[in-house]
K.L.:
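Before I ask anything, here is the structure I am working with.
Letters A, B, ... are given to chains in the order of the sequence lines, protein chains preceding strands, and every chain is numbered from 1. Computation of the quantities below employed the complete heavy-atom set of this structure, encompassing side-chain atoms and omitting hydrogens, waters and symmetry-equivalent molecules.
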Amino acid sequence: MAAQSTTIPLPQGADLTRRDYLRLSLWGGLCIVTAESLAATVASLWPQVKAGGFGSVVTVGKAEDFPVGSVTSFPEARLYISRVESGFLALSRKCTHLGCVVPWQKDEPSLDKIASQGRFNCPCHGGMFDRYGQVVAGPPPRPLDIYPIKIEGGKILVDTGKTIVRVAYNPSQAVGV
Amino acid sequence: MNIDDNIESKRSPQKRFSLLDRLQETVLWRSLFRSGYPSTDENRAMVMFNSFFLHIHPVKVKKNSLRISYTWGLGVISAYLFFLLTITGGILMFLYVPSVDQAYQDMQALETSVPFGMMLRNLHRWGAHLMVLVVFLHMCRVFYTGGYKTPREANWMLGVLLWVFTLLLSFSGYLLPYDQLSYWAITVATNIAAYTPILGDKARVFLLGSYDVGQPALQRFYALHIFLLPLVVIGLMGVHFWRVRKDGGLSAPLSETSGGSPESVDPRHSASPQTDEQTQLFPKIPSRTYGLMALVKRTGPMVEKGPDDTVFSWPHLMVMELLAMLSTTIFLLFVSLLANAPLRGWADPDITENPAKAPWYFSNLQEILLHMSPALSGIWIPVGVIIALMAVPYFERRQEDVGIWFASSKGREICVWSSVYTTIALIVLVLFDEYIGVRSLVSSPAIFPEWIIPLGTMGALMAILYAGIQRWQPNGREIALAFFTAFVTTYFVLTISGQFFRGIGLHLTPVWNLPPGGLTF
C-alpha cells in the first residue's frame, strides 16, 4: 500500500512530506554522528600538556654576576640571560622562524653596539639576532620571545611559564637592577 | 575440458608420466589451480581470471603499454617498492621500540648486533627514497605522454594524491631513528604547520602531541607511519589500479586505439567516430571477435585492428613486470651494499645541528623557505601546486596527442626552452637573494619582502614564460607542457641548490666545501 503523504505546514510555506522528513533525519543524523565521532577522535588525541612544560619560576643567579654585554645560556630553563645597558633580558632560545634552537656565537662579529663580538646565528635558515634578540638578518618574522624577569634580593627570577611575544625591542623590556 | 585435454596429451606412450603430472591430476591441485598451465590461449585467459593475484591484470594488453620507452615501468616499480617497504618495515617493527629512550639504541643495535640489521635498514631507507623518486618520475611520465586526459582525469588526481602521501609516508618515517637529523627535520617541518591558517600553533601541537618533539611526537609519527598512512595509501592504490583498468588500460596514441582497445568499456570514450544517430544509439559492436568474448563482459577487440595491437598478458606483461621488479631489487640491493643509511648522534633538544637540513626531497621547500614567509612557502605554494596539478586535466582536454611524448616536436622545443629559461631564472634569483638580498633592500613593512615581492616575482616569471612560448603559437597542451616543465625544473633546481649548495647557516657553499653531514638522505 502506498504511503499516504502527510504534509506538515512549515512557517515559510514550504511543505515537508513524511518522506522528506525521514530522509532529512537520516542524513542529518548521519552527519551529526560523523561529526561527533570526528570531534571525539580529535579530543581524545588532543595533547594533555601545557605550554612550556618546564614552566616554573627559575632562579638563574645573582644580578652582579652578569656584566653588561654578557649572554649566558641556561639549557634547563631553555633561555639566555642577556645583560644589556638598561638591564636584563630573558631570551627564549627558540628561533621565531621555525623553532630551531638558536646558539650563541661568542666569537662572531657583533650585531649591536654593546660589544664587538657575539651574536645569535640560527643554523636552520640563517636567521641572525643581536643581544636584544632583534632580527638583523634572515627570515625570522619577529625578535626572540622573552620571559618576565623579577629581581628579588639581588637574584634574578625568570617565570618560564609565561612567554612574551614582542614585535620589536624597546628598552622597557629590559629589567633594571 | 581443456585441463583433461592437456593431461591426455601428456600421456603419450613415449613420455614418462612424472610425479609433477601426477600431482597436477590430484583433486587438491585442481581445486587450487582451476586451469592448466597457461600454454594455450584459453589457459592464458583463464589464468588471469581465476587467479586472485593476477586478476588485477587484463587478459590482453596493448603492445604500446609494454614498450619500455613508453612507461619505463615506473608505475609497477612504485607499487613494487611499496610492497618491499611494507615487508622490510614489518620486519623492522620486530626490532624497534618507538620510545625516546629506546629508539636510538635500537637503531644502533640494528647497525651492530642484529644479523643483516644494517642491510634491512638500508633496504628500507633507500627503498623509501627510491619510491619518492620513482613516484615523481611516474607522474612526469604520465604528464608528458598525456595520460591524464579524458577519461583518466580522476585517476590523475588520485595519482597526485598518492605522490603527496608517498612524501608524507617517507617523512613520517624520518623521525623514527630519533637522531639529530630526525629531530631537527621534524622540528622545522612541524613549525611550518604552525602557519596553517585559522588553526595556527594548534595544528603543530596536535601533530606533535606536545609543544616540542618528544615521546608523544615519536608515538604519533610511528602510528602514522606504520598504520594510518599505509592504510590510506593501500586504499588509494587499489582505486588507482582499478581505474587504470576501467579507464581502458594505459593511455596510448590514438592511432593504436582507434580500432577499439580490448579494454575500452564505455563506448562514449571509444575514439572511433560515430557519425550517424544509429551508431550513437547502438554503440558499434565488433563484427567478429575472439572466443574470449564469451568470458569477458563488454570488452572486445575489433577485428580490423584489435588482434594485431594486443598481446596476451601471460606471458608478455608478466615477463615485463617481473623484469621491472627484478631490476629494482638488484639495484636496491646494490645500493644497500654500497651505502649505509645515515645515523647521526642521539637527538639533543639543546643543540641544533649546523647546518640543519631537510631530507633531499624537501630541500626544494627548505630552499624557498629561505626567501619568503613560511606561510607562503610552506603552506600556500605546496597547496597551490597540488591543486594546480590536479586541475590540469579539466582545462587541457585535447585528445589528439594522447600517448605521444611531449605531444609534438614543437612541444619538445617548448619543453627544452621552458627548462632552460626556468633554470637560468632560478639561479639568478638564488644568487641575488644570497648576495644582495630582498630583505636588505626592502625591509619594512615585512609584507613586502615576505609576500608581495616573492609573489610578484613568481607571477612575472610565469608571464614571461607565457610570452616566451608565444612564438611557437602553442595550443593548450603545449602551454600546459611549458608550465609543467617549469614546475619540474623548479623542483629539480631547488632540490639541487638546497641539497648540494647550502652549507653552514644555509649559506651558499659549493658541494665540495660542504661540512660533514652537509648532505641529508
K.L.:
Could you check, using the six-membered ring where one of them is a Trp, whether B:Phe362 and B:Phe171 have ring centers closer than 6.0 angstrom?
P.N.:
yes

K.L.:
Does a donor on one side chain and an acceptor on the other come within less than 3.5 Å for B:Tyr361 and B:Ser170?
P.N.:
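Yes.
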
K.L.:
If we check side chain to side chain contact (heavy atoms under 4.5 Å, CB included) with A:Leu91, which of these qualifies: A:Phe129, A:Tyr147, A:Phe120, A:Tyr132?
P.N.:
A:Phe120

K.L.:
Taking the six-membered ring of A:Phe88, is NZ or CZ of A:Arg83 closer than 6.0 Å to its centre and within 45° of its axis?
P.N.:
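Relative to the ring axis of A:Phe88, which defines the angle, A:Arg83 lies inside both limits.
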
K.L.:
Among A:Asn121, A:Val42, A:Val102, single out the residue with the greatest number of heavy-atom pairs under 4.5 Å to chain B.
P.N.:
A:Val42

K.L.:
Between the side chains of B:Glu367 and B:Ser497, does any donor sit under 3.5 Å from an acceptor?
P.N.:
yes

K.L.:
Highest number of heavy-atom pairs under 4.5 Å with chain B: which of A:Pro103, A:Cys122, A:Gly138?
P.N.:
A:Gly138

K.L.:
Is B:Arg204 close to chain A through its backbone or its side chain, or both, or neither, when contacts mean heavy atoms under 4.5 Å?
P.N.:
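Answer is side chain: those atoms of B:Arg204 sit under 4.5 Å from chain A.
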
K.L.:
Is it the side chain or the backbone of B:Tyr183 that comes within 4.5 Å of chain A heavy atoms, both, or neither?
P.N.:
neither

K.L.:
Given a strict heavy-atom distance threshold of 4.5 Å, which part of B:Leu369 is in contact with chain A: side chain, backbone, both, or neither?
P.N.:
both

K.L.:
Sort B:Lys357 into side chain, backbone, both or neither according to what part of it lies under 4.5 angstrom from a heavy atom of chain A.
P.N.:
neither

K.L.:
If I take atom OG from residue B:Ser210 and atom CZ from residue B:Arg220, how far apart are they, to the nearest 0.5 angstrom?
P.N.:
9.0 Å

K.L.:
Below 4.5 Å, heavy-atom pairs only: which of B:Pro216, B:Gly437, B:Pro349, B:Ser440 has the largest tally toward chain A?
P.N.:
B:Pro349

